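For reference, the structure is listed below as structure tokens.
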Amino acid sequence: MSADRPFSVSKVLGRSIPIVIGTAKVDGIPVIGGAVTTQVVTGYSQQTLTTLQSLNDFPPGTRWVGDAFSRKVEVPQYGTQQSAMLGYLLAFDPFGDGYKLIRLEVNNEVVFDAENGIGASETFRFYGGDHTAVDPIATANIGANAGAWQRFAMVYLSGFAADSAPSVKAVISNAATEGGGTQEIVWTGATPAIFTQNAAGRAAAYDPTGDVIYQLIHGSAQVYLAVLDTVTHTERYRIPLEGSEGYEPNIEWIYAIRGSNFVLVRFGSPTLPDLNIVYDVTTGKIVSSYTETSTNFNWKIGFPFGSNYIFTGYAHGDDPPFPYALIDITGNISIGTVSDTLVIGGDPVYGRQTAGTVSFFIQSSGGTVKEAVFDGDAWTVATVYTSAGVPTGAWYDPQTGYLIVFETVAGAYFIRYVNPETGSIADSVTVDRNYFITTGTNATGNERYWPKPGYVMMTEGRNDDGRVYLLNIGSKTITTFAENTAIDNIDFTTGIFDQNKLAYYQAFGDDVWTEYRLPNTIPGAMALQDLITKLASLAGYGPSELTFDGFAGLATTGGLVS
């Protein structure tokens, strides 16, 4: 068979079909299907509602700008789009082992990478050869006798926008192991109450260098620190925090001082002093503290600077308006001011490090992105990017050196790759929706995103369904890293998302933290003797007819047989 209408593709009659032994890359051969025309959202127009209007008065897909109190909505505009509905043959499986999909590229863009936790960014279905299911595209084109195409590894593209038949390349393996799944982190102490936004968000902190989640838990008289191990999935221990007596639930924040035995805890209270305390996590004893007077500190991010550690955030008071906390190697804390004039428009994100300076980036309320640089004595603040519209998020990537800025300009959405040295746009991606970097609000917590270098984690909106997306800066592709559409983003981003571990952790609405490890497939080495045995079987030689000498310990990733 050969796919065409309305695409023009080369005929497949006479083409060789590869066999993979181990792990190898194959080119997909379009064999069945064609294209369809569908209705899609091409953009949005913004409207202000009258007092008598609601979302029900507009087409499906209309959404609030910000929240319902804004009374502004984005109304979808529709157009048509041609999409591929094609089946591609990847390889034949003469052994009956079945293939695992490791990586998939469509039109030379990675849309799935099981080794790196990149979920599907395009709609496709993979069949490894040991399947029995019949794909709907095969049924639609052949009818009731379509069959499952057993012993053939197949990929079906379903809805990939294209004017011509897309190219498909895949890495498949019959020597791979699969991981993933969920696992609760078991309490050894008493089970706490159901976690709310505050209890799961700002009352929990993550230290990826120590593989721990620090969780504040209220006892009858004081606050306890529970140390949760993300490797053994158990609570290591629980200790009372000195000086926490009398503070009320849901008015505390905790921040990990990564790679140390300290945490920073802020206690707020309408009746007691607002305290910033550095604790020793092994004893629960106070190492140092700072008592707030007329301010209300909301720390956001922390990062190392030499042998010290710095936190920055906001102060909802009059002095200082934009503070920082410097914690030395012994745990002593001192509070200072980054800027008296900086007016923020979003959350700060990690910046650049040199031998003698460290920085962070932040959106200002005037449509610019600024960089605050600390040299050990003082801060300097400078504008590094001026938007032609409204920035909705920013992230600095240490691998590429780009400042990634999300912005809306005249109703269109863009991802800008900015050179922070010059403020110029090095590259730009047009997207169909607004993305945000919500690294921490009062409800969701702080330091929730831990992408690999070369990637950015982001959300689609502040009130949309619970999803965290992953931008591959190099390929300019956006994939889904984690989702729970039963809750909204404010609740979902109380979780902790770590691309390096291919996992995320969630507690909201439950009384336990659960690790959700992304489905992953890791190709393993195949013994060279096994590879030759399989290869010889294709020529009619059984295992008893083969003799091996000196092959012990030799392995290979495998290859192709045409």
Side-chain angles (χ1 to χ4, degrees), residues 205 207 209 253 255-266 274-280 286-366 368-386 394-398 401 403 418-423 439-440 446-447:
D207 183 353
T209 67
W253 293 255
Y255 311 87
I257 303 175
R258 301 195 301 274
S260 75
N261 286 322
F262 304 132
V263 292
L264 174 63
V265 177
R266 180 185 181 275
D274 292 339
L275 295 177
N276 294 268
I277 301 178
V278 176
Y279 282 105
D280 185 317
I286 296 174
V287 178
S288 63
S289 65
Y290 179 90
T291 302
E292 300 175 24
T293 55
S294 58
T295 55
N296 180 355
F297 292 158
N298 183 8
W299 304 115
K300 288 296 183 180
I301 57 171
F303 38 87
F305 176 52
S307 60
N308 298 324
Y309 206 84
I310 295 175
F311 285 97
T312 63
Y314 314 142
H316 303 292
D318 56 0
D319 183 29
F322 207 110
Y324 73 95
L326 185 65
I327 301 167
D328 67 21
I329 195 170
T330 63
N332 288 314
I333 185 173
S334 57
I335 305 292
T337 302
V338 175
S339 172
D340 290 320
T341 59
L342 182 58
V343 180
I344 54 88
D347 291 333
V349 296
Y350 312 106
R352 300 184 281 182
Q353 292 191 0
T354 69
T357 65
V358 68
S359 75
F360 66 88
F361 293 96
I362 191 166
Q363 302 156 237
S364 77
S365 59
T368 61
V369 180
K370 297 181 182 292
E371 182 179 24
V373 181
F374 185 60
D375 64 4
D377 295 315
W379 292 85
T380 57
V381 179
T383 298
V384 293
Y385 179 67
T386 301
W395 188 269
Y396 176 72
D397 175 51
L403 177 66
V418 177
N419 180 345
E421 291 290 338
T422 64
T439 54
N446 308 270
E447 300 187 310

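Here the structure is a predicted model, which is why all the values come from computation and not from measurement.
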Side chain to side chain contact (heavy atoms under 4.5 Å, CB included) between I257 and V263: does it pass, once the steps are laid out?
CA-CA 5 Å; I257 303 175; V263 292; 5.6 Å; no
Run I277 and S289 through side chain to side chain contact (heavy atoms under 4.5 Å, CB included) and show every step you take.
CA-CA 4 Å; I277 301 178; S289 65; 4.0 Å; yes
Stepwise side chain to side chain contact (heavy atoms under 4.5 Å, CB included) check, F360 with D347
CA-CA 10 Å; F360 66 88; D347 291 333; over 6 Å; no
Do Y290 and L275 pass the side chain to side chain contact (heavy atoms under 4.5 Å, CB included) test, and can you show the C-alpha distance, the side-chain angles, and the key distance before you say yes or no?
CA-CA 6 Å; Y290 179 90; L275 295 177; over 6 Å; no
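For the residue pair R258/Y309, the side-chain donor-acceptor check at 3.5 Å is satisfied. There is no side-chain donor-acceptor pair under 3.5 Å between E371 and Y385. Between the side chains of Y255 and D207, no donor-acceptor pair of N or O atoms lies under 3.5 Å.
Distance check: F303 CZ to I310 CD1 gives 5.0 Å after rounding to the nearest 0.5 Å. Within the model, atoms CG of D328 and CG of N308 stand 6.0 Å from one another, a figure rounded to the nearest 0.5 Å. From I333, atom CD1 reaches atom CD1 of I327 across 4.5 Å, with rounding to the nearest 0.5 Å. Distance check, rounded to the nearest 0.5 Å: CZ of F311 to CG of N298 gives 12.5 Å. Within the model, atoms CG of N296 and CD of E292 stand 6.0 Å from one another, a figure rounded to the nearest 0.5 Å. Summarising the geometry, atom OH belonging to Y350 is positioned 13.0 Å from atom OG belonging to S359; distances are rounded to the nearest 0.5 Å.
Judged purely by atom type and a 3.5 angstrom limit, R266 uses its side chain to pair as donor or acceptor with the backbone of F297. Judged purely by atom type and a 3.5 angstrom limit, E447 uses its side chain to pair as donor or acceptor with the backbone of G302. Within the 3.5 Å criterion, the main-chain N or O of F262 finds a donor-acceptor partner in the side chain of S260. Between the side chain of T312 and the backbone N or O of Y324 there is no donor-acceptor pair closer than 3.5 Å.
You'll find the side chain of F361 reaches within 4.5 Å of the side chain of V384, heavy atoms only. Contact of the W299 side chain with the L264 side chain is registered, since non-hydrogen atoms from C-beta on lie closer than 4.5 Å. No side-chain heavy atom of S339 sits less than 4.5 Å from a side-chain heavy atom of K370. A heavy-atom distance below 4.5 Å is found between the side chains of S334 and L326. Contact annotation: the side chain of N276 never approaches that of W253 to less than 4.5 Å [non-hydrogen atoms, C-beta and beyond].
Here F374 and F305 bring their ring centres to under 6.0 angstrom of each other.
Nearest heavy-atom pair, T383 versus T368, reported as atom, atom and distance to 0.1 Å: CG2-CB, 3.9 Å. Closest approach of S288 and N332 over heavy atoms only: OG-CA, 3.4 Å. Nearest approach of V349 to I301, heavy atoms of both residues: C-CD1, 3.5 Å. The shortest non-hydrogen separation linking A256 to A205 is N-CB, 3.6 Å. Of all non-hydrogen atoms in P420 and G401, the two that sit nearest each other are CD-O, 3.3 Å. Pairing each heavy atom of A372 with each of V338, the nearest pair is CB-CG1, 4.0 Å.
By the side chain to side chain donor-acceptor pair (under 3.5 Å) test, T291 is found to be paired with no residue, residues two or more places apart in sequence or in another chain being considered.
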